[in-house]
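Take a look at the structure below.
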Amino acid sequence: QFVESDDDEELLFNIPFTGSVKLKGVIVMGEDDGTHPAEMRLFRNIPHMSFDDTAKEPEQTFSLSRDPLGELEYPTKIARFSSVYHLSMHFPKNFGAETTKIFYIGLKGEWTEAHRHEVTICNYEASANPADHKLEQITPQTHFIS
């Protein structure tokens, strides 16, 4: 099984993560012919990226070699990919065929749970209302000294 581009050689993958990822490396496997991608551009944290957005400057660009067995790992700049929650992979060209085929994409890195802060509704008192803070354990006691 593989993914093949439609009309031209460009392919775009949007990969959302359920947590924060420190991306350390990428493996791309294709056929040993002209359909193998020749270039890979990585973008981070741009949800719902489209082909129009690929004109932006990528975080990192790779010149790919033909790798039908998935043996080559392309290391990423860890400082740029230390907290990724959405990865976009753009393959703008291949080795001369009309379409691009990709059989496997491997991502190497570390996943950590996302710290999502939800909306908190709080009521703050300008001054305390004594009726709200009654303590029933403390009862006043009187001691007589004779």
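For reference, positions follow the sequence shown, starting with 1.
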Students should find that the hydrophobic cluster of F95, defined by side-chain heavy atoms under 4.5 Å apart, otherwise consists of none
Should side-chain heavy atoms under 4.5 Å link Ile, Leu, Val, Met, Phe, Trp and Tyr, which residues sit in the same cluster as I46? F43, M49
Does some side-chain heavy atom of T100 sit less than 4.5 Å from a side-chain heavy atom of T35? no
Apart from F2 itself, which Ile, Leu, Val, Met, Phe, Trp or Tyr residues share its cluster (side-chain heavy atoms under 4.5 Å, direct or through members)? I27, M29, F103, Y104
List for me each residue that meets side-chain hydrogen bond (donor to acceptor under 3.5 Å, both in side chains) alongside E4, sequence neighbours excluded, and say none if there are none. T99
Residues 27-36 vs salt bridge (Lys or Arg N to Asp or Glu O under 4.0 Å), sequence neighbours excluded, gives E31-K101
When rounded to the nearest 0.5 Å, the distance separating CG of N94 from CD of E10 is 10.5 Å
Do K108 and E73 come within less than 4.5 Å of each other through their side chains, counting heavy atoms only? yes
Of all residues at least two apart in sequence or in a different chain, which pass the side-chain contact (heavy atoms from CB on, under 4.5 Å) check with S83? S20
Test item: S5 side-chain N/O and L11 main-chain N/O as donor-acceptor pair under 3.5 Å: no
Salt bridge (Lys or Arg N to Asp or Glu O under 4.0 Å) partners of residues 42-62, not counting sequence neighbours, each pair once: R44-E59
Would you mind telling me which of L87, L42, L64, L72 makes a side-chain contact (heavy atoms from CB on, under 4.5 Å) with V26? L42
Check whether any side-chain heavy atom of V21 lies under 4.5 Å from a side-chain heavy atom of F81, and answer yes or no. no
Going by heavy atoms in the side chains, are W111 and T18 under 4.5 Å from each other? yes
Is there a path of hydrophobic side-chain contacts, each under 4.5 Å between heavy atoms, that joins L23 and I78? no
Looking only at side-chain N and O atoms, does N14 offer a donor or acceptor that is under 3.5 Å from a partner on S88? yes
Could you give the distance from OG (S65) to CD (E71), rounded to the nearest 0.5 Å? 12.0 Å
Just do the side chain to side chain contact (heavy atoms under 4.5 Å, CB included) check on M89 and R41 with the steps written out, would you? CA-CA 6 Å; M89 303 175 77; R41 304 171 74 221; over 6 Å; no
Are any of the side-chain heavy atoms of D67 and H36 separated by less than 4.5 Å? yes
Residue pairs passing the salt bridge (Lys or Arg N to Asp or Glu O under 4.0 Å) test where at least one lies in residues 18-30, sequence neighbours excluded: K24-E110
Would you please name every residue forming a side-chain contact (heavy atoms from CB on, under 4.5 Å) with P16, sequence neighbours left out? H86
Hey, what do you get for CG (N45) to CZ (F17), rounding to the nearest 0.5 Å? 9.5 Å
Pairs in or reaching into residues 81-96: which pass salt bridge (Lys or Arg N to Asp or Glu O under 4.0 Å), with residues at least two apart or in two chains? E39-K93
Rest of the hydrophobic cluster containing F51 (Ile/Leu/Val/Met/Phe/Trp/Tyr, side-chain heavy atoms under 4.5 Å)? L12
Partners of Y74 by ring-ring contact (aromatic ring centres under 6.0 Å, His included), sequence neighbours excluded? F62
